[in-house]
Amino acid sequence: MTGGQPVRVVIAGGGTAGWISACALSRQLGRLVEVTLVESDAIPTIGVGEATIPTARSFHEYLRIDERLFMSATGATFKLGIRFDDWGALGDSYMHSFGTFEMRNWVAEFQHFWLEGRDRGAVHPIGAYCLEHEAALAGKFTTAGKPNLNYAYHLDAGRYAAFLRAIAERDGARRVEGRIATVEQHPETGEIAALLLESGDRIEGDLFIDCTGFRALLIGKTLGVGYEDWSHWLPTDGAWAVQTEATEQPPPYTIAAAHEAGWQWRIPLQHRTGNGLVFASDYLEIEEAREKLLENIAGEAVSDPRLIRFETGRRETMWSKNCVSLGLSSGFIEPLESTSIHLIMSGVTRLIQLFPFGGEMQSLRRRWNALADYELEHVRDFVILHYHLTKRADSEFWRSRAAMDIPATLKARLENFTEHAQAWQDAHELFRTESWLYVMLGQGLMPRHWHRLAGLMDDKRLIEILVQQRDAISSRVAEMPAHGQFIASYAAER
């Protein structure tokens, strides 16, 4: 790994994680690396991570991916947020949108002004002051105008992997078809030396990336890195997934509808709809979960229901020796906030930034692992928030989630918001202040106090500013085309 020779990077496994990694490394590091991806057509991929968050756009820009070509190739639609039904209480619904609020300063975020206005008689929900929130509810979308909408994508995961593969191979990545029979380790260091395939081929490398999914063939089975179980906080352990015909124009948001032992997703693509039911098997039998999903889908199924079993948690070390785990091999947090693809993208981006060109990995590995752990714990806390912050008492599952002990980091956030309306996004954290606000307010948590800076404004001026902002957003949304109409003119499926 020294001198002018390229670093030999071997990626075990394809799918979304493998081809994101191959594409990013080949495109960004060029001739500095020699990328080989090993996958077998005989091993199916999970392929249901079909919703993203806005960081996917930044990643695509980083890789110089044309948005229209990507959307057309993958049947993608735009995503302005996630609609949560029946989470706070039965009959409740709120939108976690990707937008920000205009009225803010370095002393106090928008929620303090909104709470002051609410106290003085302004009654509109907080989402009325966010462009993305209102566009989502209206089913509208455009890439024109200022400020631009902040958005993500819904996509076909299988087509996405194929799209990225084409780019990676054009940039020099090599694909090897075959099943891995043995993982060879260096007799002294224990590092991975090569992958031995059933065909007899031997694939040597300097750095290995484990994208073998839940099997964790390299990081787990070979290197013996343990798994930290988080199921005491997030006990869902299975999901049934099925694809259906599209029955309506696609809304620009994902739907996550809670049921008595988990939740059900609905992801609209151009050519079909992705559906899935996440459940905790301690509270709902596997076959009952399957029937519940099939009873609550619209349109004819175009695939057989597929069962996915999982355990929420993470590897005790996600980069061990000369092996980096990405995707499901590194850990899993259920797809409630569509973070799976983001975590792959951020992991490989971090690897490119901390790439071990000199052969010495220890300090880089410590830094990469520290950042990966921090990010995953932040995502974990945000997902736990949805379950813990519920008033539902209609099933044992929800009663247990409301009563559970939560991580100290999440407890501190809830205390700060409950007592003083404080919410924040620290460095290296994924979710914005607004994301925390949407979930906490959407599920009925109302602060007792707030920053009184807004109290310095007289009633007339405060209400006038809030009305102006809401009216400006309403006017902008009214001018936008319908989401489906815009996609047809912008990036229709090929």
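Just so it is clear, the values below take in all heavy atoms, side chains as well, and ignore hydrogens, waters and symmetry mates.
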Worked verdict on Thr254 versus His154 for side-chain hydrogen bond (donor to acceptor under 3.5 Å, both in side chains): CA-CA 8 Å; Thr254 304; His154 303 116; 2.8 Å; yes
Less than 4.0 angstrom from a charged side-chain N to a carboxylate O is my criterion; do [X] and [Y] meet it?
| X | Y | answer |
| --- | --- | --- |
| Arg266 | Glu248 | yes |
| Lys292 | Glu295 | no |
| Glu415 | Lys411 | no |

Trp230 six-ring centre to Arg380 NZ/CZ under 6.0 Å and within 45° of normal: yes
Arg57 charged N/C atom sitting above Tyr153 aromatic ring, 6.0 Å / 45°: no
Going by heavy atoms in the side chains, are [X] and [Y] under 4.5 Å from each other?
| X | Y | value |
| --- | --- | --- |
| His124 | Leu466 | no |
| Leu149 | Phe98 | no |
| Phe332 | Leu234 | no |
| Phe84 | Tyr438 | no |
| Val383 | Glu334 | yes |
| Ile473 | Arg476 | no |
| Glu109 | Trp424 | no |

Between [X] and [Y] (side chain of the first, backbone of the second, donor and acceptor by atom type, cut-off under 3.5 Å), is there such a pair?
| X | Y | result |
| --- | --- | --- |
| Arg413 | Gln422 | no |
| Asp210 | Leu218 | yes |
| Trp398 | His388 | no |

Enter the distance from [X]:[atom1] to [Y]:[atom2] here, rounded to the nearest 0.5 Å.
| X | Y | atom1 | atom2 | answer |
| --- | --- | --- | --- | --- |
| Leu155 | Phe70 | CG | CZ | 5.0 Å |
| Met318 | Glu375 | CE | CD | 8.5 Å |
| Met345 | Arg350 | CE | CZ | 14.0 Å |

[X] and [Y]: side chain donor to acceptor below 3.5 Å:
| X | Y | value |
| --- | --- | --- |
| His342 | Thr52 | no |
| His271 | Asp156 | yes |
| Trp450 | Glu116 | yes |
| Lys221 | Thr212 | no |
| Tyr94 | Gln443 | yes |
| Glu134 | Tyr129 | no |

Residues in salt bridge (charged side-chain N to carboxylate O under 4.0 Å, His left out) contact with Arg290, at least two apart in sequence or another chain: none
His96 vs Ser435, side-chain hydrogen bond (donor to acceptor under 3.5 Å, both in side chains): CA-CA, chis, key distance, verdict: CA-CA 6 Å; His96 167 201; Ser435 295; 2.9 Å; yes
Residue list, ring pair (Phe, Tyr, Trp, His ring centres under 6.0 Å) with Trp436, at least two apart or on another chain: His378, Phe382
CA sep, side-chain torsions, deciding dist, call: Glu50, Tyr160, side-chain hydrogen bond (donor to acceptor under 3.5 Å, both in side chains): CA-CA 9 Å; Glu50 300 195 322; Tyr160 186 48; over 6 Å; no
Chi angles and distances behind the side-chain hydrogen bond (donor to acceptor under 3.5 Å, both in side chains) call for His60, Asp66: CA-CA 8 Å; His60 283 183; Asp66 182 276; over 6 Å; no
Candidate pair Asp394 and Arg392, rule salt bridge (charged side-chain N to carboxylate O under 4.0 Å, His left out), full reasoning: CA-CA 6 Å; Asp394 55 294; Arg392 289 186 59 161; 2.7 Å; yes
Ring-ring centroid check Phe113 Phe101, cutoff 6.0 Å: no
Sequence neighbours excluded, every pair satisfying salt bridge (Lys or Arg N to Asp or Glu O under 4.0 Å) that has a member inside residues 85-97: Arg83-Asp85
